[in-house]
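Remember, it's 1-based here, ligands and their atoms both numbered in the order they're listed.
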Amino acid sequence: MRKNLIAANWKMHFDLITALNVARGMVEILDNKIETVVCPPFVYLDRLNEIFNGSSIWLGAQNMHYEDEGAFTGEISPIMLKSVGCKYVILGHSERRHIFSESDSDIHKKVISALKHGLKPIVCVGETLSERRDGRAERVVERQIVAALDGVDLDGVVVAYEPVWAIGTGVPADVETVKEMHGFLRELIEDVPILYGGSVKDRNAFELASIEDVDGFLVGSASLSAQSFKKIIDEFEKAKGVN
Ligand code: PGA
């Protein structure tokens, strides 16, 4: 059976005190069965590692450099992430691709490096609105997947389908589109868990989770509150019949 997973992507939110409070709130109320991951900004990883220790929540990072160490001012290595307790790392998020010009080849190097260091990569793929309108959605995600996972042992890899046009809008992709795109990805990567991301909220989580090829969620803004994150996980478990 494919693994189910729900990950919180806090992006660039919270000061330290707020991050600690939200993390503690999550430890208090989350008692879910499926694997749950929180990916805070780098500077909070070590403190959150202490808070999550012994809880059901795993720690993830939002990005990393592919080199182990060296003269890369401002970058964070996989060794550093491991040393502060990370199990997962989000790679190739659309904000990294589009705002910070990360290429398919950068992402490929990061995937290899993450796996080498025992980190599970959550590899994000997804088309922009204009690519979708031009009828190129499948071609784009296929290119991204093939490039990122070329020659990679897929054990431990997680993929997130995040249509760029659904991220941060409050309106997720419609069920038909998610079915189509996850079905398409499934043919390419078979047993790899495929998460959906892009405006997942408690009000739409059940419907999205009811899609067979949706194995979990990557949640942005709705993961900034422990309560709303918990509701999303509850809805997911209800839809999948996890109890
Ligand atoms: P969102 O972000 O849930 O705020 O749309 C999802 C993501 O970018 O991972």
Side-chain angles (χ1 to χ4, degrees), residues 4-14 18-19 22 26 34-42 44-45 57-64 86-102 107 110-111 114 120-129 131-132 137 140-141 144-145 148 157-175 177-178 181-182 185 192-209 211 214-236 239:
N4 290 138
L5 172 83
I6 296 194
N9 176 9
W10 282 3
K11 306 193 181 185
M12 197 175 74
H13 290 289
F14 296 149
T18 316
V22 176
M26 285 187 175
I34 73 157
E35 181 120 335
T36 304
V37 185
V38 173
C39 305
F42 290 127
Y44 307 142
L45 284 169
I57 306 170
W58 295 98
L59 196 61
Q62 298 174 17
N63 182 30
M64 60 170 229
C86 284
K87 179 175 179 185
Y88 289 90
V89 57
I90 298 172
L91 296 177
H93 188 278
S94 74
E95 286 145 22
R96 302 294 322 168
R97 292 178 189 265
H98 297 290
I99 306 173
F100 301 102
S101 306
E102 274 188 24
I107 295 156
K110 291 181 182 196
V111 170
K120 292 177 186 289
I122 302 175
V123 181
C124 301
V125 298
E127 79 286 0
T128 62
L129 190 55
E131 288 164 340
R132 170 153 292 274
V140 168
V141 299
Q144 292 171 335
I145 282 285
V157 173
V158 177
V159 163
Y161 170 61
E162 297 207 303
V164 180
W165 45 275
I167 294 176
T169 60
V171 184
D174 56 279
V175 167
T177 303
V178 178
M181 294 303 286
H182 279 238
L185 286 166
V192 173
I194 307 175
L195 316 183
Y196 168 79
S199 297
V200 175
K201 310 283 176 201
D202 51 9
R203 61 175 182 273
N204 56 38
F206 186 88
E207 192 181 34
L208 290 163
I211 300 167
V214 170
D215 301 317
F217 295 134
L218 182 52
V219 186
S221 59
S223 73
L224 298 175
S225 129
Q227 285 78 9
S228 86
F229 191 49
K230 176 170 173 50
K231 275 191 209 149
I232 288 170
I233 303 170
D234 289 346
E235 292 296 300
F236 183 90

### Message
I need the atoms of ligand 1 closer than 4.0 Å to a non-hydrogen atom of Asn9, numbered in the order shown.
### Response
9 (O)

### Summary
One finds that the ligand 1 atoms under 4.0 Å from a non-hydrogen atom of His93 are 7 (C), 8 (O), 9 (O)

#### Entry: Backbone N/O of Phe14 and side chain of Thr18: donor-acceptor pair under 3.5 Å
no

#### Entry: Residues that Val171 engages under side chain to side chain contact (heavy atoms under 4.5 Å, CB included), provided they are two or more places apart
Thr169

### Query
Would you call Ser199 a ligand 1 contact, heavy-atom distance under 4.0 Å?
yes

### Query
Is Lys87 paired with Glu35 through a side-chain N to carboxylate O contact shorter than 4.0 Å?
yes

### Message
Parallel, tilted or perpendicular: which one describes the rings of Phe217 and Tyr196, with boundaries at 30° and 60°?
### Response
perpendicular

### Query
Against heavy atoms of Glu162, which atoms of ligand 1 measure under 4.0 Å?
6 (C), 7 (C), 8 (O), 9 (O)

### Message
Between ligand 1 and Gly197, can you find any atom pair, the residue atom being a heavy atom, that is separated by under 4.0 Å?
### Response
no

### Task
For residues 224-233, pull every pair meeting salt bridge (Lys or Arg N to Asp or Glu O under 4.0 Å), keeping only residues two or more places apart or in separate chains.
Asp31-Lys230, Asp202-Lys231, Lys230-Asp234

### Summary
So the atoms of ligand 1 within less than 4.0 Å of a heavy atom of Gly220 turn out to be 1 (P), 2 (O), 3 (O), 4 (O), 6 (C)

### Task
Could you tell me which atoms of ligand 1, counted from 1 in the order shown, lie closer than 4.0 angstrom to a heavy atom of Ser221?
1 (P), 3 (O), 4 (O)

### Message
List ligand 1 atoms under 4.0 Å from Gly198, heavy atoms only on the residue side.
### Response
5 (O)

### Query
Any sub-3.5 Å donor-acceptor pair from Trp10's side-chain atoms to Leu224's backbone N or O?
no

### Query
What distance do Ile167 atom CD1 and His98 atom NE2 have between them, rounded to the nearest 0.5 Å?
8.0 Å

### Query
Could a heavy atom of Lys201 be found less than 4.0 Å from some atom of ligand 1?
no

